[in-house]
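Source: prediction; values computed, not measured.
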Amino acid sequence: LLLFGLSIWLVQELRSARGAVEANEQARIHAIAVTLAPRLDGELHEWMAQTLPERDAVDDWGQLSARGRAMQDALAKAVVANGLTSDIYTLRLREERARAVKAAPDRAHADAMEFILTSGENPYWRHTYEYRPEMAATLFEGRSNTTPLYEDEHGHWLSAYAPVRNSAGEVVALLEVDEPPEAI
């Protein structure tokens, strides 16, 4: 009976410790996102997205203007400075999927988002990404947000979102910072 009670206590302690570690990591990646997002020029971000509308239109970061390269470089430096194991990237809502997402922001929508900037060495320009309900606060209310631990086809993740705004204060994209739990 004592061994059974000790086992239950140990399992509860492990769950509690795991929850604390996840909460600390959520706070860390959230801080990275909200610190980095205001450094991005939302006007330029949206201009690049509008003037280079084709998937893979950018296959080398050298194709961007100096200001565009500077934004991509800021993402790449943030990954290194913060010891992240995953890329940081910006996502924008695809115009052809916006109506469906706005009608049901509390559910997932396949291929509703598209990558613009990434911290990676190679662009992933306008490749699609799933809209997650946790993105709604950032996209539609301009508030940063985090996700609980979730799983997708690439593994398990914790994610943080922060708005990328234009000069009028409108959200034109979101910045996403991810970290897999095995890296914590």
Side-chain angles (χ1 to χ4, degrees), residues 22-53 57-58 60-95 97-98 101-102 105 109 112-148 150 157-180 183-184:
E22 286 179 14
N24 287 339
E25 186 61 12
Q26 279 178 320
R28 183 176 87 90
I29 63 174
H30 181 259
I32 295 166
V34 298
T35 302
L36 186 56
R39 295 181 54 202
L40 302 180
D41 181 340
E43 298 285 348
L44 177 60
H45 189 277
E46 191 61 13
W47 180 83
M48 290 186 308
Q50 295 297 327
T51 58
L52 298 164
V58 175
D60 183 289
W61 293 124
Q63 292 174 248
L64 298 181
S65 67
R67 289 176 47 217
R69 286 191 313 273
M71 287 197 304
Q72 188 279 329
D73 190 52
L75 300 183
K77 286 179 179 177
V79 167
V80 173
N82 291 288
L84 296 171
T85 61
S86 180
D87 283 342
I88 296 173
Y89 41 91
T90 63
L91 296 164
R92 69 189 293 271
L93 186 59
R94 294 176 61 213
E95 292 174 22
R97 300 299 309 270
V101 171
K102 289 176 182 176
H109 296 269
M113 305 296 288
E114 60 187 357
F115 291 89
I116 299 297
L117 295 174
T118 67
S119 61
E121 188 174 311
N122 297 313
Y124 202 58
W125 192 263
R126 296 188 91 125
H127 285 242
T128 59
Y129 189 72
E130 179 181 49
Y131 165 87
R132 300 184 49 76
E134 294 88 355
M135 293 175 176
T138 305
L139 285 176
F140 306 125
E141 300 169 27
R143 294 184 298 113
S144 60
N145 199 18
T146 60
T147 67
Y150 67 93
W157 304 96
L158 292 169
S159 297
Y161 309 117
V164 175
R165 298 176 187 275
N166 64 17
S167 60
E170 301 164 327
V171 177
V172 296
L174 63 80
L175 176 95
E176 183 168 342
V177 179
D178 298 321
E179 197 69 332
I184 303 171

Enumerate, atom names and distances included, each donor-acceptor pair closer than 3.5 Å involving a side-chain atom of residues 29-38, sequence neighbours excluded.
unit_1 : atom_1 : unit_2 : atom_2 : d
His30  : NE2    : Ser144 : OG     : 2.7
Thr35  : OG1    : Ala31  : O      : 2.7

- Query: Arg126 side chain to Glu114 main-chain N or O, any donor-acceptor pair under 3.5 Å?
  - Reply: no
- Message: Any side-chain to backbone donor/acceptor pair from Ser159 onto Thr147? Under 3.5 Å, distance only.
- Response: no
- Minimum side-chain heavy-atom gap Phe140-Val101 below 4.5 Å: yes
- Got a second to check how far Leu91's CG is from Glu176's CD, nearest 0.5 Å? 5.5 Å
- Query: With no hydrogens and no angle check, is any side-chain donor or acceptor of Trp61 less than 3.5 Å from a backbone partner on Gly120?
  - Reply: yes
- Query: Can you find a heavy atom in the side chain of Glu179 that is under 4.5 Å from one in the side chain of Leu84?
  - Reply: yes
- What's the verdict on side chain to side chain contact (heavy atoms under 4.5 Å, CB included) for Ile88 and Leu175, showing C-alpha distance, side-chain angles and the deciding distance? CA-CA 7 Å; Ile88 296 173; Leu175 176 95; 3.6 Å; yes
- Got Arg143 and Thr138 here, is their nearest side-chain heavy-atom distance under 4.5 Å? no
- Message: Using 0.5 Å steps for rounding, measure from the CG atom of Asp60 to the CD atom of Glu121.
- Response: 9.5 Å
- Check whether any side-chain N or O of Asn82 sits under 3.5 Å from a backbone N or O of Ala78 as a donor-acceptor pair, and report yes or no. yes
- Query: In terms of heavy-atom contacts, does CD of Gln50 have more than 12 from other residues, nucleotides or ligands at under 6.0 Å?
  - Reply: yes
- Query: Is there a donor-acceptor pair closer than 3.5 Å between any side-chain N or O of Glu130 and the backbone N or O of Met113?
  - Reply: no
- State whether the side chain of Asn145 and the backbone N or O of Glu134 hold a donor-acceptor pair below 3.5 Å, judged by distance alone. yes
- Rounded to the nearest 0.5 Å, how far apart are CZ of Arg97 and CD of Glu95? 13.5 Å
- Query: Is there a side-chain contact between Thr146 and Leu158, using heavy atoms and a 4.5 Å cut-off?
  - Reply: no
- Message: Within a 6.0 Å radius of atom CZ on Arg39, are there more than 12 heavy atoms belonging to other residues, nucleotides or ligands?
- Response: no
- Rounded to the nearest 0.5 angstrom, the CG-OH distance for Leu139 and Tyr161 is 9.5 Å
- Only counting residues at least two apart or in another chain, list the ones meeting ring pair (Phe, Tyr, Trp, His ring centres under 6.0 Å) with His109. Tyr131
- Trp157, CH2: over 12 other non-hydrogen atoms inside 6.0 angstrom: yes
- Note on the structure: All heavy atoms of Lys102 vs all of Leu93, minimum pair found to be CE-CD2, 4.5 Å
- Message: Just so I know, are the side chains of Leu174 and Met135 near enough to count as touching, which here means a heavy-atom distance under 4.5 Å?
- Response: yes
- Message: List the residues meeting side-chain hydrogen bond (donor to acceptor under 3.5 Å, both in side chains) with Ser86, not counting sequence neighbours, and say none if there are none.
- Response: none
- Query: Below 4.5 Å, heavy atoms only, C-beta onward: do Tyr89 and Leu117 meet side chain to side chain?
  - Reply: no
- Message: For a quick test of reading the model, state the closest non-hydrogen atom pair linking Met71 to Leu44 and the distance between them.
- Response: CE-CD2, 3.8 Å
- On a heavy-atom basis, the closest approach of Tyr129 and Asp178 is OH-OD2, 4.5 Å
- Return the minimal non-hydrogen interatomic distance between Ala173 and His45, and the atom names on each side. CB-CE1, 3.4 Å
- Any donor-acceptor pair under 3.5 Å linking the side chain of Arg165 with the backbone of Gly42? no
